[in-house]
Amino acid sequence: MIRRAVALAVLAVAALDVWLFVVHHTTPPLRADAVVVLSGSRSRLPVGVRLMRAHDAPLLVVSRNDKPTKLEQDACAHRLAAKTLCVRADPFSTQGEARLIARLARARGWHAVDVVTSQFHVYRARLIIERCYHGRLAMIASPNPGGTILLRNLVLEPLKLVYHELRRSC
């Protein structure tokens, strides 16, 4: 009985991992009022900068990380050829970032936002952001991180998805 329950749990996590890490949940970029780059993987900000330049978005919003990359430091020091706003979500989580996007959109009159996050994170981030922000939203994937970060997220991301599906709040 216990073996069967463990086997079913492992299969459920594996199925969710395929859904999150393999299936693409991105949408085409919008003519956005801002490009928001969620904190996390180092591969996200370069995608956000390219997206902003390619689609002529007026503002790049960077969700600050504890260990900023050189590109993040340059962006937040206004050394890029892009108008940049660097912020730290409170709480420091995807839900905090969703609340931050909603607050910024209300304060600045945004109607459309492009959000950049890792491929594995797009599905859950969209669910959470749509609970807080009610404008047009495009979710753009950056490459999944590798190494131990990927392994850790293979376990944690399905659990976080279940948690947020049970909570269903902004």
Colleague: Apart from Ile128 itself, what residues make up its hydrophobic cluster, given side-chain heavy atom links below 4.5 Å?
Modeller: none

Colleague: For atom CZ of Arg42, decide whether the heavy atoms of other residues, nucleotides or ligands shown that lie under 6.0 angstrom number more than 12.
Modeller: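 Result for CZ/Arg42: open.
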
Colleague: Heavy-atom distance under 4.5 Å between the side chains of Pro91 and Arg99, does that happen here?
Modeller: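 The answer is yes; the side chains approach within 4.5 Å.
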
Colleague: Is any side-chain heavy atom of Leu137 closer than 4.5 Å to one of Thr27?
Modeller: no

Colleague: Taking C-beta and beyond as the side chain, do Arg44 and Ser118 meet within less than 4.5 Å on heavy atoms?
Modeller: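 Yes. Closest side-chain heavy atoms under 4.5 Å.
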
Colleague: Which residues pass the salt bridge (charged side-chain N to carboxylate O under 4.0 Å, His left out) test with Arg167, sequence neighbours left out?
Modeller: none

Colleague: Taking side-chain hydrogen bond (donor to acceptor under 3.5 Å, both in side chains) as the test, write out the residues that go with Arg88, two or more places apart.
Modeller: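 side-chain hydrogen bond (donor to acceptor under 3.5 Å, both in side chains) check on Arg88 returns Asp66.
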
Colleague: Is it the case that Ser39 and Ser63 place a side-chain donor and acceptor less than 3.5 Å from each other?
Modeller: no

Colleague: Are the side chains of Leu45 and Val47 in touch, meaning some heavy atoms are under 4.5 Å apart?
Modeller: no

Colleague: Examine Val87 and Val113 and state if one hydrophobic cluster contains both, with Ile, Leu, Val, Met, Phe, Trp and Tyr joined whenever side-chain heavy atoms are less than 4.5 Å apart.
Modeller: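 Result: yes, single cluster for both.
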
Colleague: Looking only at heavy atoms, what is the nearest atom pair of His55 and Pro29, with distance?
Modeller: NE2-CG, 3.6 Å

Colleague: With hydrophobic residues grouped by side-chain heavy-atom distances under 4.5 Å, do Leu51 and Val115 end up in a single group?
Modeller: no

Colleague: Working to the nearest 0.5 Å, report the span between CE of Met139 and CG of Leu30.
Modeller: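 The CE atom of Met139 sits 11.5 Å away from the CG atom of Leu30.
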
Colleague: Of the options Ile129, Ile140, Val122, which is the one that meets Thr117 in a side chain to side chain contact (heavy atoms under 4.5 Å, CB included)?
Modeller: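 Output: one option passes, namely Val122.
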
Colleague: Given Leu85, which partner from the list Val62, Leu60, Leu104 fulfils the side chain to side chain contact (heavy atoms under 4.5 Å, CB included) test?
Modeller: Leu104

Colleague: Taking the side chain from Asp74 and the backbone from Leu80, do they hold a donor-acceptor pair closer than 3.5 Å?
Modeller: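 No, because the side chain of Asp74 does not come within donor-acceptor range (under 3.5 Å) of the backbone of Leu80.
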
Colleague: Could you tell me which residues satisfy salt bridge (charged side-chain N to carboxylate O under 4.0 Å, His left out) with Arg136, sequence neighbours excluded, listed by chain and number?
Modeller: none

Colleague: Between atom CZ of Arg106 and atom CD1 of Ile101, what is the distance when rounded to the nearest 0.5 Å?
Modeller: 12.0 Å

Colleague: Indicate the atoms forming the closest heavy-atom contact of Cys132 with Ala102, along with that distance.
Modeller: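 Heavy atoms only, the tightest pair is O-CB, 3.3 Å.
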
Colleague: Is Leu71 linked to Val116 within one hydrophobic cluster, defined over Ile, Leu, Val, Met, Phe, Trp and Tyr using a side-chain heavy-atom separation of less than 4.5 Å?
Modeller: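 Yes, one cluster joins them.
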
Colleague: Could you check if a side-chain atom of Arg64 sits within less than 4.5 angstrom of a side-chain atom of Cys76, using non-hydrogen atoms only?
Modeller: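 Counting from C-beta outward, Arg64 and Cys76 do come under 4.5 Å.
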
Colleague: Out of Val36, Val61, Val35, Val37, which residue meets the side chain to side chain contact (heavy atoms under 4.5 Å, CB included) rule with Asp114?
Modeller: Val35

Colleague: Tell me every residue that passes salt bridge (charged side-chain N to carboxylate O under 4.0 Å, His left out) with Asp90, counting only those two or more places apart in sequence or in another chain.
Modeller: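 Asp90 satisfies salt bridge (charged side-chain N to carboxylate O under 4.0 Å, His left out) with no other residue.
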
Colleague: To check you understand the geometry: which heavy-atom pair defines the closest contact between Ala138 and Pro28, and what is its length?
Modeller: CB-O, 3.4 Å

Colleague: Checking the side chain of Ser43 only, and the main-chain atoms of Pro143 only, is there a donor and an acceptor separated by less than 3.5 Å?
Modeller: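 Confirmed, Ser43 side chain pairs with Pro143 backbone.
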
Colleague: If you apply the rule side-chain contact (heavy atoms from CB on, under 4.5 Å), what do you find for Thr84 with His78, and how did you get there?
Modeller: CA-CA 7 Å; Thr84 306; His78 304 286; 4.3 Å; yes

Colleague: Please list, chain by chain and in numerical order, all residues satisfying salt bridge (charged side-chain N to carboxylate O under 4.0 Å, His left out) with Arg126, sequence neighbours excluded.
Modeller: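 With neighbours one apart ignored, the set is empty.
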
Colleague: Return the minimal non-hydrogen interatomic distance between Ala89 and Gly96, and the atom names on each side.
Modeller: CB-C, 3.6 Å

Colleague: Is it the case that the side chains of Ser169 and Arg131 hold a donor-acceptor pair, with the cut-off being a distance below 3.5 Å and no angle test?
Modeller: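 Distance-only check fails for Arg131 and Ser169.
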
Colleague: Would you call Met52 and Leu59 a side-chain contact if the rule is heavy atoms closer than 4.5 Å?
Modeller: no

Colleague: Assess, by modelled atom type and distance only, whether the side chains of His121 and Thr94 contain a donor and an acceptor separated by less than 3.5 Å.
Modeller: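 Yes, Thr94 and His121 have a side-chain donor paired with an acceptor closer than 3.5 Å.
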
